[in-house]
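Read through the structure below, which is laid out as structure tokens, and then see the notes.
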Amino acid sequence: MTSATRPKRVHKTKLALLETVLELRKSHPYEEITVEQVLETSGVSRGSLYHHFSDFFELIESAELARFTKYVDVSIEQITQLVSAASSKTEVIQGIRQITRLTQSPEMRPIRADRLAALVRAEGNSRFREKLASEQERLTHALAELVRMAQSRGWFTTEVDPWQVAVFIQAYTLGRAVDEISNTEKDIESWNRLIDRVIEHAFMA
């Protein structure tokens, strides 16, 4: 993992505060979590909280960002393993199909919702937007580098721009949420096969 994609280390007290918020988030919306709950649950002093965060809202934002960062790291690791372990285009196609079915599954719906919520929050909060932009660029950069690797091995066509392929992959993953909001029963495998077809015809060499 390069310095551009490597997650930063976090101070143990700061980490305890973030983990507390994330644990409380399992049963409370962010807006219902209070500073008193966080301090009591974490055992961290108020002074320590404000040493690591300028205000309580920054702690909440940082916890939301941590959830996003965790997704970023998992995504990078999965695709890195796929590209690094593959020895042929056939293996790459099979691996991509497996990752597609994982990322598009109903079980991943909460993660899609979290990512969309983070993007919406960023539009009205310049501080959060700047932090989110850094993580988003880290993910896109890592995916683009993996596309370049696949191109160098003759698996992906060089007619497509790696950065735009990376953006497209993320876009169709989030796009699943468009269908999930409806009440109509969905054929998820039909959606997955469409993604397979697009990738194999538009990106593969």
Side-chain angles (χ1 to χ4, degrees), residues 1-79 103-104 107-145 163-182:
M1 189 176 288
T2 67
S3 59
T5 61
R6 188 181 299 115
K8 298 177 181 178
R9 291 184 178 180
V10 181
H11 188 279
K12 64 179 182 179
T13 301
K14 186 174 184 179
L15 182 61
L17 290 166
L18 292 170
E19 289 179 342
T20 297
V21 172
L22 291 174
E23 186 62 30
L24 290 169
R25 175 66 180 82
K26 293 178 181 178
S27 56
H28 300 78
Y30 282 120
E31 57 270 19
E32 292 183 7
I33 298 174
T34 67
V35 63
E36 288 76 16
Q37 284 178 306
V38 173
L39 296 179
E40 181 179 353
T41 304
S42 67
V44 174
S45 70
R46 189 177 295 268
S48 293
L49 188 157
Y50 291 114
H51 171 73
H52 291 285
F53 301 97
S54 60
D55 54 49
F56 184 62
F57 297 108
E58 186 182 12
L59 168 58
I60 297 298
E61 292 164 8
S62 297
E64 188 171 6
L65 184 67
R67 285 172 68 90
F68 186 90
T69 298
K70 182 178 180 180
Y71 167 81
V72 168
D73 293 334
V74 170
S75 298
I76 291 173
E77 182 65 22
Q78 288 176 338
I79 300 178
T103 60
Q104 306 301 304
E107 291 74 21
M108 295 293 284
R109 181 172 180 171
I111 293 179
R112 287 190 285 274
D114 279 346
R115 290 193 68 197
L116 288 169
L119 293 171
V120 170
R121 183 190 291 270
E123 282 302 306
N125 185 327
S126 59
R127 179 174 67 187
F128 183 60
R129 181 173 184 170
E130 183 177 348
K131 293 178 180 179
L132 184 66
S134 176
E135 285 303 305
Q136 180 56 61
E137 288 182 11
R138 187 166 70 90
L139 174 56
T140 305
H141 173 79
L143 293 176
E145 285 300 308
W163 187 272
Q164 301 308 328
V165 173
V167 171
F168 180 81
I169 290 171
Q170 296 171 78
Y172 71 64
T173 298
L174 289 178
R176 182 74 203 145
V178 173
D179 197 30
E180 287 174 325
I181 199 65
S182 70

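Heads up: numbering here begins at 1 and tracks the sequence.
- His141 places no side-chain N or O within 3.5 Å of a backbone atom of Glu137 that could act as its donor or acceptor partner.
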ask   = Does the side-chain contact (heavy atoms from CB on, under 4.5 Å) test come out yes or no for Ile169 and Val165, once each step is laid out?
value = CA-CA 6 Å; Ile169 290 171; Val165 173; 4.0 Å; yes
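- Taking CD of Glu19 as the start and OG1 of Thr41 as the end, the distance is 13.0 Å to the nearest 0.5 Å.
- Residues Leu49 and Val44 come closest through the heavy atom pair N-CG1, 4.2 Å.
- Across all non-hydrogen atoms, the minimal contact from Arg127 to Ser54 is NH1-OG, 3.2 Å.
- Between Tyr50 and Phe56, the shortest heavy-atom distance links the atoms CE2-N, 3.8 Å.
- Listed here is the closest heavy atom pair of Ala122 and Leu132: CB-CD2, 3.8 Å.
- Atom-to-atom distance recorded for His11:NE2 and Ser48:OG is 8.5 Å, nearest 0.5 angstrom.
- Sparse packing is recorded around CD of Glu40, with 12 or fewer heavy atoms of other residues, nucleotides or ligands lying under 6.0 Å away.
- Separation of atoms OG1 (Thr69) and CD (Gln136) is listed at 10.5 Å; rounding is to 0.5 Å.
- Summarising the geometry of Thr140 relative to Gln170, their closest heavy-atom pair is OG1-NE2, 3.0 Å, with the distance given to 0.1 Å.
- The CD atom of Glu58 sits 11.5 Å away from atom NE2 of His52, with the distance rounded to the nearest 0.5 Å.
- Distance alone, capped at 3.5 Å, places no donor-acceptor pair between the Glu32 side chain and the Pro29 backbone.
- Looking only at distances, a side-chain donor or acceptor of Arg112 sits under 3.5 Å from a matching main-chain atom of Thr103.
- When side chains are defined from C-beta on, Leu139 counts as touching Leu143, because their heavy atoms get closer than 4.5 Å.
- Side-chain atoms of Arg46 and Glu36, non-hydrogen and from C-beta on, do get closer than 4.5 Å to each other.
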task = Step by step, work out the side-chain contact (heavy atoms from CB on, under 4.5 Å) result for Gln37 and Leu24.
result = CA-CA 8 Å; Gln37 284 178 306; Leu24 290 169; 4.1 Å; yes
task = For the pair Arg121 and Asp114, evaluate salt bridge (Lys or Arg N to Asp or Glu O under 4.0 Å) and give the outcome as yes or no after the intermediate values.
result = CA-CA 10 Å; Arg121 183 190 291 270; Asp114 279 346; over 6 Å; no
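- Summarising the geometry of Ala144 relative to Ala166, their closest heavy-atom pair is N-CB, 3.7 Å, with the distance given to 0.1 Å.
- Put simply, the side chain of Ser134 never gets that close to the backbone of Lys131: no donor and acceptor are under 3.5 Å apart.
- Here the side chains of Asp73 and Arg138 are in contact, with some heavy-atom distance below 4.5 Å.
- Under 4.0 Å is where a charged nitrogen must lie from a carboxylate oxygen, and between Arg67 and Glu64 no such pair does.
- Between Phe168 and Tyr172, the two ring planes are perpendicular [angle over 60°; tilted spans 30° to 60°].
- In this model, no donor atom of one side chain and acceptor atom of the other lie less than 3.5 Å apart for Arg115 and Thr173.
- Rounded to the nearest 0.5 angstrom, Thr20 OG1 and Arg25 CZ are separated by 15.5 Å.
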task = Would you sort out whether Phe53 and Leu18 count as a side-chain contact (heavy atoms from CB on, under 4.5 Å), showing the intermediate values?
result = CA-CA 11 Å; Phe53 301 97; Leu18 292 170; 4.0 Å; yes
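- Note that OG of Ser62 is 10.0 Å distant from CG of Leu22, once rounded to the nearest 0.5 Å.
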